[in-house]
Amino acid sequence: MENSEKTEVVLLACGSFNPVTNMHLRLFELARDYVNRTGKYKVIKGIISPVGDAYKKKGLISAHHRVVMAQLATKNSSWVEVDTWESLQKEWMETAKVLSRAEGQAAVWGRPAGVLRCSQPVEE
């Protein structure tokens, strides 16, 4: 299948990123490889979306510091970046709302794209 026939997608990971780790970044690489291997999709971007301070998770450092750490961790990436929108919200945002906003951002990137949620198992 030609690249022009593939559906372009964006990988989005929401979470506390308290702190962002090498495994968070590896998650994007693994997801991109898997999605691209299907032959139906082409990953064009990865987005880390740290949760805001309103999440109130025990031990959560400030959103500002988590965003800065994530930006430093992704500064050399050609395709993974940090979106600060969720971290700046005064109320906790449900993942569905963050996904909806990301889908709306596709026009900003200059092309339509689907958004796939990229996540790790939740620890109990």
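Worth knowing before you read on, the calculation uses all heavy atoms, side chains too, and leaves out hydrogens, waters and symmetry mates.
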Expected list for residues 68-78: side-chain donor-acceptor pairs under 3.5 angstrom, two or more places apart:
from : atom 1 : to  : atom 2 : distance (Å)
T74  : OG1    : A70 : O      : 3.0
T74  : OG1    : Q71 : O      : 3.4
S77  : OG     : W79 : N      : 3.1
S77  : OG     : V80 : N      : 2.8

Check your understanding: So do N18 and I61 actually touch side chain to side chain, heavy atoms under 4.5 Å?
Key -> yes

Point to revise | 4.5 Å side-chain heavy-atom contact, V20 and V82 | key: no

Point to revise | Heavy atoms of other groups near N22 CG, more than 12 under 6.0 Å | key: no

Review point. What's the shortest heavy-atom distance between F28 and I47, and which atoms?
Key: CZ-O, 3.3 Å

Exercise for review: May I have all residue pairs that pass salt bridge (Lys or Arg N to Asp or Glu O under 4.0 Å) and include part of residues 17-30, sequence neighbours excluded?
Suggested key: E29-R32

Check your understanding: Does the pair L12 and L99 meet the rule for a side chain to side chain contact (heavy atoms under 4.5 Å, CB included), with working shown?
Key -> CA-CA 8 Å; L12 171 70; L99 281 166; 3.5 Å; yes

Check your understanding: Taking only residues two or more places apart in sequence or in another chain, which ones pass side-chain hydrogen bond (donor to acceptor under 3.5 Å, both in side chains) with S16?
Key -> K57

Check your understanding: What residues, two or more places apart in sequence or in another chain, satisfy side-chain hydrogen bond (donor to acceptor under 3.5 Å, both in side chains) together with S87?
Key -> none

Check your understanding: Looking at NZ of K97 and CD of Q89, how far apart are the two atoms once the value is rounded to the nearest 0.5 Å?
Key -> 10.0 Å

Practice item. Kindly write out the residues that satisfy side-chain hydrogen bond (donor to acceptor under 3.5 Å, both in side chains) with D83, not counting sequence neighbours, or none if the list is empty. Key: R101

Review point. What distance separates I44 CD1 from L11 CG, expressed to the nearest 0.5 Å?
Key: 10.0 Å

Check your understanding: Can you find a pair of side-chain heavy atoms, one from E86 and one from C14, that are under 4.5 Å apart?
Key -> yes

Review point. Which other residues belong to the hydrophobic cluster containing Y55, where Ile, Leu, Val, Met, Phe, Trp and Tyr are joined when side-chain heavy atoms lie under 4.5 Å apart, directly or via other members?
Key: V51, L60, W92

Check your understanding: Does a side-chain heavy-atom distance below 4.5 Å link K45 with E81?
Key -> yes

Point to revise | Side-chain donor or acceptor of H24 paired with backbone N/O of T21 under 3.5 Å | key: yes

Practice item. Any chance you could lay out the side chain to side chain contact (heavy atoms under 4.5 Å, CB included) test for R66 and D53, step after step, and finish with the verdict? Key: CA-CA 10 Å; R66 289 181 287 111; D53 292 329; 3.8 Å; yes

Exercise for review: Taking the side chain as every heavy atom from C-beta outward, state whether W85 and M93 have any atom pair closer than 4.5 Å.
Suggested key: yes

